[in-house]
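Below you'll find the structure, written out as structure tokens, and then a few comments.
Every chain is numbered from 1, with letters handed out A, B, ... down the list of sequences.
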2 protein chains.
Amino acid sequence: MAPSAPTRAARPTLARVASRAGVSVSTASLVFSGRGPVSDATRAKVLAAAAALDYAGPDPTARSLRRGRTGVVGVVTEDRLADAFRDPMNLALLDGIGEGFGDERLGLLVIPRAVDSASELESAPIDAAILLGCSTDIVRSVEALHRRRIPVVAIEAERMDGVVAIDLDNRDASRRGAEHLRDLGHRRVAIVTLPIDAGHTRGEVSPERLRSSTAFGTLERLAGARQVFPDAIAVSTAGSTIDEGMRAARTLLDVPSGARPTAIVAQSDLLAVGVLRVAEELGIAVPAELSVLGFDGIRLEGAIEGVLTTLVQPAIDKGRVAAEAVLAELAGDSGRGVELRSELRVGTTTGLAPH
Amino acid sequence: MAPSAPTRAARPTLARVASRAGVSVSTASLVFSGRGPVSDATRAKVLAAAAALDYAGPDPTARSLRRGRTGVVGVVTEDRLADAFRDPMNLALLDGIGEGFGDERLGLLVIPRAVDSASELESAPIDAAILLGCSTDIVRSVEALHRRRIPVVAIEAERMDGVVAIDLDNRDASRRGAEHLRDLGHRRVAIVTLPIDAGHTRGEVSPERLRSSTAFGTLERLAGARQVFPDAIAVSTAGSTIDEGMRAARTLLDVPSGARPTAIVAQSDLLAVGVLRVAEELGIAVPAELSVLGFDGIRLEGAIEGVLTTLVQPAIDKGRVAAEAVLAELAGDSGRGVELRSELRVGTTTGLAPH
DNA sequence: CTGAAAGCGCTTACAG
DNA sequence: CTGAAAGCGCTTACAG
């Protein structure tokens, strides 16, 4: 009977408010948008009518259609929602994005990039998209967004046309970390990597797996470390967690001590903590017998003894800069990319190589 | 000159696709929505025209306006984005929500409830809202949503008209946990609480602070523990983190041993871990000298020795049930609330009271 | 300061 | 199976 959706009581419209107030729809609109001059008396009449009808303000969808803006920015994450937010780096990024938006009231629509996620991106009501933790098959996502003429800002992704890149010096920073270990005399070094494929396969990283990998950040960090230690064995994990660090560390450390590396480069701090836990379990002294290097610079809240040697990345800045790039794109300025720099923080988990 | 927004190249429309394909707009629409019968030949013509024009499919905003649905559900969080997601319970909840939506492709718009957040809620393009970690001043948020005739599902909030409540047995579960301590002979018990006010003030919880508090879940858990230990001192924290647990624990434990409680009830597992850390720092044996009880049942990944005694809550179920309630509301079924139950898991951090 | 008109891009009965 | 028409609820030039 009623033309509205059955789930909702009939919602009052601006037209009904205007008619009750005895003004035109355009005038009523002006009252709510504040974009034009309206006399106090008129404004009061309109507001009174709105209150009487329990009108909640202009319908956001209609306003969006008319204005050509949704006021929403998509945040495209690699995995399922919760996994993406379990990574402290992504949380810092979110903080930064919030900061970067400042007073612009933009909503954040989280879009997990599932297998068939192109479809999700094709129909999400967004003005711009920020791609996070991007690795696998990002190109198709970008194509879908480009067809919709939606500006894209990608964080730590490979270079792509028409995409504003917010980069981290992953390769260079990793190289500097590895040099720190080399300067301490380390020669037998192993690497614990972040996921290198969409399947998050664990295990030794063969040249073949390397070639087929699309995990840009992981590859960059690995390449940097191998600039210093070309033959370093690398073991991949299923994610940046303490557990995963422990799993990988066991395969590297639970071996005859002659075969053990004297240093482990972990591609994240959480992985490094896992390595430290296993070293403790196995009675391997850090840093006397084993040096451990992390990446990220997260707060560890006393999860380890001492201070982790790590590459501190400006995670919040990354988000802030991404948000600013989005704002620039929406304002019609073609954003330029930014490369942010990580700093080596020498803690107590690295020291002179044994012997 | 061009009527479109300056930031975007002119986007092709369905009308242009239809005209190029030589069909009506309605027919072209049918091709993309799949909601009506279209001959293969016609479909092919339309698709070819779309490809030629690089048409990305129907505009989501226009579709939303017409259909009266945005396909987006708001997730209203208490704090800033990142804080909300730092809590492992909220992450589990997100997992559950994703599960509960199943094949319904609903986007999640995160809406941090700031001071002026009513305005945010008033204009967010959403079909329904899920209120998380709700405490302060939730009533105004609900009013704003009700005026918009948007169904609201609230998790662990006080009862409100027109809101589907997904509840946890906070009070009862806390009482059961306290009884476990009482049965072990504990009489001097202290409580470390979650935030009890919007300002996240730390310190002893006076009757006055209690009265002015609006943190529903916190109050429920406190009331449950005090059913067993009416005079237990309570110290509030600024959030569910290990750090905060440590801060509170220091005020309770770093005192002459005669004045020390023999058991601490922490309102979250992270707080409990903080308590355990401080006990270790101070050389207080757990459980010989101090029993520690948590709440939540999160995975602790070896962050503590032994197994935390805690109340395991079905966090994922909470999300799943909330999502199902949203689906029911959108389908026109008025959802009933659900109360979920937590189970006491006795670990190794509680034991007989000393003496 | 106010109003009449056009139109944002689509979907959905309805008729054929 | 296809098309013409109405309309979702608003905002924005434009004219007065």
Start with the C-alpha gap between A/Asp167 and A/Val338, add the side-chain angles, then the distance that decides, and say whether side-chain contact (heavy atoms from CB on, under 4.5 Å) holds. CA-CA 6 Å; A/Asp167 278 329; A/Val338 175; over 6 Å; no
Counted 5' to 3', the first and last nucleotides of DNA chain D within 4.0 Å (strictly under) of a heavy-atom of chain A are D/dG9 to D/dT12
State which residues pass salt bridge (charged side-chain N to carboxylate O under 4.0 Å, His left out) with B/Asp59; sequence neighbours excluded, sorted by chain then number. none
Sub-3.5 Å donor-acceptor pair from the side chain of A/Arg148 to the main-chain atoms of A/Leu121, do we have one? yes
Sugar-phosphate only, base, or nothing, as touched by A/Pro37 at under 4.0 Å among non-hydrogen atoms: base
Using 0.5 Å steps for rounding, measure from the OG atom of B/Ser123 to the CZ atom of A/Arg63. 7.0 Å
Close side-chain approach of A/Leu145 to A/Ile126, heavy-atom, < 4.5 Å: yes
Go through residues 38-51 of chain A and report each residue with a non-hydrogen atom lying under 4.0 Å from DNA chain C, sorted by number. A/Val38, A/Ser39, A/Thr42
Rounded to the nearest 0.5 Å, how far apart are CG of A/Leu108 and CD1 of A/Ile97? 6.0 Å
Just wondering, do A/Glu156 and A/Ile166 contact through their side chains at under 4.5 Å, heavy atoms? no
Contact class for B/Phe32 (heavy atom, under 4.0 Å): base, sugar-phosphate, or nothing? nothing
Who passes salt bridge (charged side-chain N to carboxylate O under 4.0 Å, His left out) against B/Arg86, sequence neighbours left out? A/Asp95, B/Asp83
Assert: residue with more 5' nearest nucleotide on DNA chain D, out of B/Arg66 and A/Thr27, is B/Arg66
Check this for me, if you would: do B/Glu143 and B/Arg147 make a salt bridge, where the nitrogen-to-carboxylate-oxygen distance has to be below 4.0 angstrom? no
Taking B/Ser64 for the side chain and B/Arg69 for the main chain, is one N or O donor matched with an acceptor at less than 3.5 Å? yes
Pair listing, ring-ring contact (aromatic ring centres under 6.0 Å, His included) test, anchored in residues 11-61 of chain B, at least two apart: B/Phe32-B/Tyr55
Answer with base, sugar-phosphate or nothing: what part of the nucleic acid does A/Val23 contact at a heavy-atom distance below 4.0 Å? sugar-phosphate
If each of B/Ser26 and B/Ala62 is mapped to the nucleotide of DNA chain D with the nearest heavy atom, which maps nearer the 5' terminus, i.e. the 5' end? B/Ser26
Base, sugar-phosphate, or nothing: which does B/Thr13 touch, judged by heavy atoms less than 4.0 Å apart? sugar-phosphate
Give the dot-bracket string for DNA chain D, reading 5' to 3', where a pair is Watson-Crick or G-U wobble with both distances under 3.5 Å, ( ) marks pairs inside the strand, [ ] marks pairs crossing earlier ones, | marks a partner on another strand, and . marks unpaired. |||.||||||||.|||
